[in-house]
Amino acid sequence: MDTIGEQKLWSFAPQSNKAAATTCVEVRAAAGHKVISFMDLATKIAELQFLNREHVLLFRGQRSDYRSEAKLSSLKPGVFRSGVDKKPNTFEVRDRFARLETAEATLAEEYTNLKLLGVA
C-alpha cells in the first residue's frame with residue numbers, strides 16, 4: 001500500500017526548465033515554478049500530463065500560496081480557512097456550509113429555469 005503523498009511524480013523545480021521525478025511533499029515544500037507565457041504554461045502542462053499518466057491534473061486558483069504549520073503548500077478550501085494560522089470555529093464552518101448549500105440550490109434552480117444544456 002502506498003502512503004499518500006509519497007508516490008513518485010514528475011514536476012518542474014522552481015529554477016529548472018526540465019521536469020524531474022519528485023514527491024508530492026517535495027513539490028509542496030518548494031517555491032512555485034514560474035512560466036513566462038501562456039505557451040510556456042501549456043507546453044509544461046502537456047509534458048506533466050504525459051509524464052504523470054497515472055495522475056489526473058486538476059487546477060485550482062488561489063490568491064496566495066497558503067502554507068501549513070510544516071511550511072508545505074496547502075490546498076485547503078476557503079471554507080476551512082480563517083486568517084493566518086487560525087482555524088474557523090464550528091459555528092463559522094456550519095454557517096459557511098449553509099451558505100454554500102443555499103448557493104448550490106440557487107444555481108441549480110437558475111440552471112433549470114434557463115433550460116441550459118443537460119437539463120431534462
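Only this structure's heavy atoms are used, side chains among them; waters, hydrogens and symmetry mates stay out.
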With sequence neighbours excluded, tell me which residues meet side-chain hydrogen bond (donor to acceptor under 3.5 Å, both in side chains) with Thr22.
Glu26
Apply side-chain hydrogen bond (donor to acceptor under 3.5 Å, both in side chains) to Asp40 and list each qualifying residue two or more places apart in sequence or on a separate chain.
Lys44
Distance in Å, Leu51 CG paired with Lys8 NZ, rounded so as to fall on 0.5 Å steps:
14.0 Å
Test of understanding: with ring-ring contact (aromatic ring centres under 6.0 Å, His included), list the residues that count as partners of His33, not counting sequence neighbours.
Phe12
Heavy atoms only: give me the nearest Pro14-Ala31 pair and the separation to one decimal.
CG-O, 3.1 Å
In this structure, CG of Leu9 is separated from CG of Leu57 (nearest 0.5 Å) by 10.0 Å
By ring-ring contact (aromatic ring centres under 6.0 Å, His included), Tyr66 pairs with (sequence neighbours left out) none
With rounding to the nearest 0.5 Å, note down the distance linking CG in Leu114 to CD in Glu109.
10.5 Å
Shared hydrophobic cluster, Leu41 / Phe59 (ILVMFWY, side-chain heavy atoms < 4.5 Å)
yes
Residues in side-chain hydrogen bond (donor to acceptor under 3.5 Å, both in side chains) contact with Asp65, at least two apart in sequence or another chain:
Arg67, Ser73
Is it the case that atom CD in Glu54 sees more than 12 heavy atoms from other parts of the structure closer than 6.0 Å?
yes
Of all heavy-atom pairs between Ser68 and Ser74, which one has the smallest distance, and what is that distance?
N-CB, 4.4 Å
With sequence neighbours excluded, residues passing salt bridge (Lys or Arg N to Asp or Glu O under 4.0 Å) with Arg99:
Asp95
Measure the spacing between OG1 of Thr102 and CZ of Phe97 and express it to the nearest 0.5 Å.
13.0 Å
Gap between atom OG1 of Thr106 and atom CG of Asn113 - 0.5 Å precision
10.5 Å
Nearest 0.5 Å, what's the CG-CH2 distance between Asn52 and Trp10?
9.0 Å
What pair of heavy atoms forms the shortest contact from Gln49 to His55, and how long is it?
NE2-O, 3.4 Å
Kindly say whether Leu107 contributes a backbone atom to a donor-acceptor pair with the side chain of Glu110 at under 3.5 angstrom?
no
